[in-house]
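See structure below.
Order of the sequence lines fixes the chain letters, A, B, ..., with proteins taken first and strands second; residue numbering starts at 1 for each chain. Model, not experiment: these values are computed from the prediction.
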2 protein chains.
Amino acid sequence: MKEGPDISHIAALIGDPARANILTALMDGRALTASELAEEAGVGLSTASGHLSKLAEAELIAPRKSGRHKYFNLADAEVAGVLEALMGLAARKGATRVRTGPKDAQMQVARVCYNHLAGRMGVQMYRSMIGRGLLVEDGEDVALTGAGRDFVTGFGIDVAGLEAGRALVCRTCLDWSERRNHLAGSLGRAMLTRMEDQGWMRRDPKSRAILVMEKGKAAFAAAFPET
Amino acid sequence: MKEGPDISHIAALIGDPARANILTALMDGRALTASELAEEAGVGLSTASGHLSKLAEAELIAPRKSGRHKYFNLADAEVAGVLEALMGLAARKGATRVRTGPKDAQMQVARVCYNHLAGRMGVQMYRSMIGRGLLVEDGEDVALTGAGRDFVTGFGIDVAGLEAGRALVCRTCLDWSERRNHLAGSLGRAMLTRMEDQGWMRRDPKSRAILVMEKGKAAFAAAFPET
DNA sequence: GGAATGCTTCGGCTACGGTCAAACTATGAA
DNA sequence: TTCATAGTTTGACCGTAGCCGAAGCATTCC
């Protein structure tokens with residue numbers, strides 16, 4: 001009974017509906033202000049402020065002050081991963097949130113997870129790169145091979161620049177809808193950004209869904225064929 | 001705000017201290033009765049009964065009636081995985097539960113996770129088998145290679161028997177103390193059982209810790225060398 | 001400077017949910 | 001049949017924690 005870390009405190013934090021809404025809203029990796037999060041959570045500003053300080057205290061989210069605004073981010077990818085895992089558990093009991101609109105279908109296809117591509121397309125990209133020897137898995141970790149560096153560089157990404165940063169370049173993240181890994185880390189983020197820049201896809205500003213352009217579909221399928 | 005599965009309900013279930021104790025107690029994979037779990041949780045029997053029906057309702061645990069007893073198990077390995085992940089989050093804030101005794105040190109070395117070997121030795125076994133080409137990872141999944149089947153059979157395990165069962169043979173589970181994968185699934189369980197049968201290790205009946213015998217240390221190091 | 005905006009703190013209200021004891025059901029033992 | 005043990009249900013109690021509005025800081029804009 002007295003073994004291992006105390007789960008209950010952190011789970012209770014996630015367990016409040018307002019706080020869960022806040023965390024879910026932050027899952028797309030964008031930084032949001034306290035007011036925006038209050039709106040998302042459906043509570044008053046003062047209430048949200050209390051929630052936010054608790055979440056920050058537990059280091060689930062990271063606050064940053066900027067002028068008279070205060071921005072919040074998820075603390076890191078591990079937190080995002082735990083949230084995805086919880087969604088996985090919740091999803092199997094049909095506990096999806098209320099109405100499933102057209103957006104929900106698109107969310108299965110492509111969505112933002114923290115800051116990288118998730119959903120069927122995220123998984124396809126990951127598996128394609130593994131299958132072609134561009135990425136190699138080692139336990140929980142994943143790394144670029146030599147061929148992978150060339151490929152990614154050709155894709156228009158400055159690998160050396162990523163490696164100079166503090167963030168982990170390659171990282172896996174478990175996709176809750178597909179139940180498979182997809183690519184996270186600074187490379188995952190860069191790949192998504194690059195595809196947006198090229199006009200392959202575009203983020204829905206009101207949700208985590210990603211809209212894929214016609215030309216993007218073809219280009220993506222060519223770049224990341226199923227193996 | 002209205003996207004994706006509803007996390008808060010399931011997190012709130014885990015977030016109550018009594019229920020968290022119950023779930024933690026079930027992490028070693030043994031089935032426990034309602035009375036035993038009440039004891040573990042530190043609440044009265046009637047209170048525990050209420051908690052247990054809620055957990056069962058959410059399919060986090062699976063009840064089985066046997067005579068006038070009612071046994072409870074974790075629902076499956078995915079639930080165990082989420083709990084381990086939450087422990088990982090909790091652990092990094094030094095939120096380990098109260099006193100860290102000698103048992104806690106041993107827990108880092110070897111412990112039971114659901115029903116398989118976890119901790120440093122669990123991770124070492126997994127990585128050794130990957131490194132020698134006995135196991136191969138494919139995304140989130142992991143599988144035995146031909147050489148792996150031979151090795152495991154030579155270890156004294158009836159692979160065909162495992163495959164006949166309903167449970168997934170190979171499965172990964174993220175180790176909260178090591179932050180790496182270890183081997184779960186029915187093979188993971190069989191490996192641990194086999195090592196116990198051979199007298200390499202023995203479970204501490206009062207905790208999740210696994211005691212490693214002297215001869216077990218040498219035999220384990222020989223069977224699963226670091227690569 | 002003064003006004004407006006963004007956030008925090010405080011006080012008070014409320015309700016949800018955890019708790020237990022006691023009554024009740026069900027299974028097994030004598 | 002009767003008693004004992006295991007678990008569930010009910011009802012009453014109580015505390016915690018979420019909620020809001022109002023007042024208080026802090027920062028920026030005019």
- Out of C:dT8, D:dA6, C:dG18, which nucleotide sits closest to the side chain of B:Ser35? D:dA6
Distances under 3.5 Å between protein N/O atoms and the N/O atoms of nucleotides 23-26 of chain C, please, pair by pair.
none

- Query: Would you find a donor on one side and an acceptor on the other, under 3.5 Å apart, between the side chain of B:Thr24 and the backbone of B:Ala20?
  - Reply: yes
- Task: Take the protein atom CD of A:Glu39 and the nucleotide atom C1' of C:dG6, then report the distance between them rounded to whole Å.
- Result: 15 Å
- Interatomic distance where CG belongs to A:Asp16 and C1' belongs to C:dA15 [whole Å]: 14 Å
- Task: Begin with the C-alpha distance, continue with both residues' side-chain angles, and end with the deciding distance and a verdict on side-chain contact (heavy atoms from CB on, under 4.5 Å) for B:Leu135 and B:Tyr126.
- Result: CA-CA 8 Å; B:Leu135 284 176; B:Tyr126 183 78; 4.1 Å; yes
- Atom pair distance, as rounded to whole Å: CD1 in A:Ile14 and P in D:dA17: 17 Å
Sequence neighbours excluded and cut-off under 3.5 Å, please list the side-chain donor-acceptor pairs for residues 50-63 of chain A, or say none.
unit_1: A:His51; atom_1: ND1; unit_2: A:Arg19; atom_2: NH1; d: 3.2
unit_1: A:Ser53; atom_1: OG; unit_2: A:Ser49; atom_2: O; d: 3.3
unit_1: A:Ser53; atom_1: OG; unit_2: A:Gly50; atom_2: O; d: 2.9

- Between D:dT8, D:dC19, C:dC7, which nucleotide has the shortest distance from any of its atoms to the side chain of A:Ala18? D:dC19
- Note on the structure: Note: A:Asn21 and A:Ala41 closest approach over all heavy atoms is ND2-O, 3.6 Å
- Task: For B:Lys215, check salt bridge (Lys or Arg N to Asp or Glu O under 4.0 Å) against everything at least two apart and list the hits.
- Result: none
- Message: Under the side-chain hydrogen bond (donor to acceptor under 3.5 Å, both in side chains) definition, can you give me all pairs with a residue in residues 194-203 of chain A, not counting sequence neighbours?
- Response: A:Glu196-A:Arg203
- Message: Looking at A:Asp6 and A:Ser8, would you say the former's side chain and the latter's main chain have a donor-acceptor pair under 3.5 Å?
- Response: yes
- Message: Given C:dG18, C:dC7, D:dC20, identify the nucleotide with an atom nearest to the side chain of B:Lys54.
- Response: C:dG18
- Message: Please evaluate residues B:Met27 and B:Met87 with respect to the criterion side-chain contact (heavy atoms from CB on, under 4.5 Å), reporting the C-alpha separation (whole Å), side-chain torsions for both, the decisive distance (0.1 Å), and the verdict.
- Response: CA-CA 11 Å; B:Met27 279 289 285; B:Met87 287 185 192; 4.2 Å; yes
- Got a sec, which residues hit salt bridge (Lys or Arg N to Asp or Glu O under 4.0 Å) with A:Arg189, two or more places apart in sequence or on another chain? none
- Note on the structure: Separation of D:dA6 atom P from B:Glu36 atom CD, nearest Å, is 10 Å
- Item | Whole angstrom value for the distance that separates C1' of D:dA6 from CG of B:Leu37 | 13 Å
- Atom-pair distance (NZ on A:Lys70; P on C:dC7), nearest Å: 9 Å
- Message: Whole angstroms only, please: what is the CD1-P distance between B:Ile22 and C:dG18?
- Response: 11 Å
- Please state how far atom CD1 in A:Ile61 lies from atom P in C:dC7, giving the value in whole angstrom units. 12 Å
- Mind listing the residues from residues 44-53 of chain A sitting with a heavy atom below 4.0 Å of DNA chain D? Number order is fine. A:Gly44, A:Ser46, A:Thr47, A:His51
